[in-house]
Amino acid sequence: VQLVESGGGFLQPGGSLRLSCVVSGYFNSNRCMGWFRQPPGKERERVAYIDSQAWTRTDDSVKGRFTITQDSAKKNLYLQMNSLKPEDTAMYYCATGGPGSGRWYPCSFTYWGQGTQVTVSS
């Protein structure tokens, strides 16, 4: 299983970016897919995800600014980020897995990409 993120960069506050993630080698009709981020010196946090029933959820901190989507084949995951703020600066990761309990309920994110850096600064 391989996940490869792209689309990160350096930009000023108020700007927009679209992150992409290509998933290969994972065949699960009940998969979850999600975007996470890890700011410098902080723990990894979930930003948005699509659960096994294809419902989307977005964290309150980015609601109204970030949108998660996937293509019909579920091989590409996207995160459209608008009105970016300095506090959005982080390494962004995509992940996939099946349904599960635990920290990332209702999903269990088993497979992770290497991340793409997003830096928002004036």
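Remember, it's a predicted structure, so these values are computed and weren't measured experimentally. In this chain, numbering begins with 1 at the start of the sequence shown.
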Inset, instruction - Kindly give the heavy-atom pair with the smallest separation between Thr58 and Phe66, and that separation in Å. - result: CG2-O, 4.0 Å
Inset, instruction - Determine yes or no for a side-chain-to-main-chain donor-acceptor pair under 3.5 angstrom, with Ser52 supplying the side chain and Arg31 the backbone. - result: no
Legend entry - Contact summary for Tyr93 and Arg44, nearest pair of heavy atoms: CZ-NH2, 3.5 Å
Legend entry - More than 12 heavy atoms of other groups within 6.0 Å of Gln38 CD: yes
Inset, instruction - Measure the spacing between CG of Asp59 and CZ of Arg46 and express it to the nearest 0.5 Å. - result: 8.5 Å
Legend entry - Residues Arg103 and Glu43 bridged, charged N to O under 4.0 Å: yes
Inset, instruction - Mind checking side-chain hydrogen bond (donor to acceptor under 3.5 Å, both in side chains) for Lys63 and listing every partner two or more places apart, or none if nothing turns up? - result: Asp60
Inset, instruction - Check whether any side-chain N or O of Thr116 sits under 3.5 Å from a backbone N or O of Gly8 as a donor-acceptor pair, and report yes or no. - result: yes
Legend entry - Tyr49 and Asp51: side chain donor to acceptor below 3.5 Å: no
Legend entry - Audit row: Trp112, Leu3, side chain to side chain contact (heavy atoms under 4.5 Å, CB included) steps and yes/no: CA-CA 6 Å; Trp112 296 78; Leu3 294 88; 5.9 Å; no
Inset, instruction - Look at the side-chain heavy atoms of Ile, Leu, Val, Met, Phe, Trp and Tyr, link any pair under 4.5 Å apart, and say whether Met33 and Phe36 land in one connected group. - result: no
Inset, instruction - Please answer: with hydrophobic residues joined when any side-chain heavy atoms are less than 4.5 Å apart, are Ile68 and Phe109 in the same cluster? - result: no
Legend entry - Rounded distance [0.5 Å steps], CH2 in Trp55 versus SG in Cys32: 14.5 Å
Legend entry - Minimum heavy-atom distance between Tyr26 and Gly98, given as atom pair plus value: OH-N, 3.4 Å
Let me check something: any side-chain donor-acceptor pairs from residues 76-92 under 3.5 Å, sequence neighbours excluded? List them with distances.
unit_1 : atom_1 : unit_2 : atom_2 : d
Asn76  : ND2    : Asp71  : OD2    : 2.7
Gln80  : NE2    : Asn82  : OD1    : 2.9
Asn82  : OD1    : Ser16  : OG     : 3.0
Asp88  : OD1    : Arg37  : NH1    : 2.9
Asp88  : OD1    : Arg65  : NH2    : 3.0
Asp88  : OD2    : Arg65  : NH1    : 2.7
Asp88  : OD2    : Arg65  : NH2    : 3.4
Asp88  : OD2    : Lys85  : N      : 2.7
Thr89  : OG1    : Pro86  : O      : 2.9
Thr89  : OG1    : Val120 : N      : 2.9
Thr89  : OG1    : Val120 : O      : 3.3
Tyr92  : OH     : Arg37  : NH1    : 3.0
Tyr92  : OH     : Asp88  : O      : 2.6

Inset, instruction - State plainly whether one hydrophobic cluster holds both Tyr111 and Ile50, where clusters connect Ile, Leu, Val, Met, Phe, Trp and Tyr through side-chain heavy atoms under 4.5 angstrom apart. - result: yes
Inset, instruction - Could you grab the distance from atom CD of Gln12 to atom OG of Ser122, nearest 0.5 Å is fine? - result: 7.0 Å
Inset, instruction - Could you check Trp35 against Cys21 for side chain to side chain contact (heavy atoms under 4.5 Å, CB included), going step by step and ending with a plain yes or no? - result: CA-CA 9 Å; Trp35 285 100; Cys21 175; 3.8 Å; yes
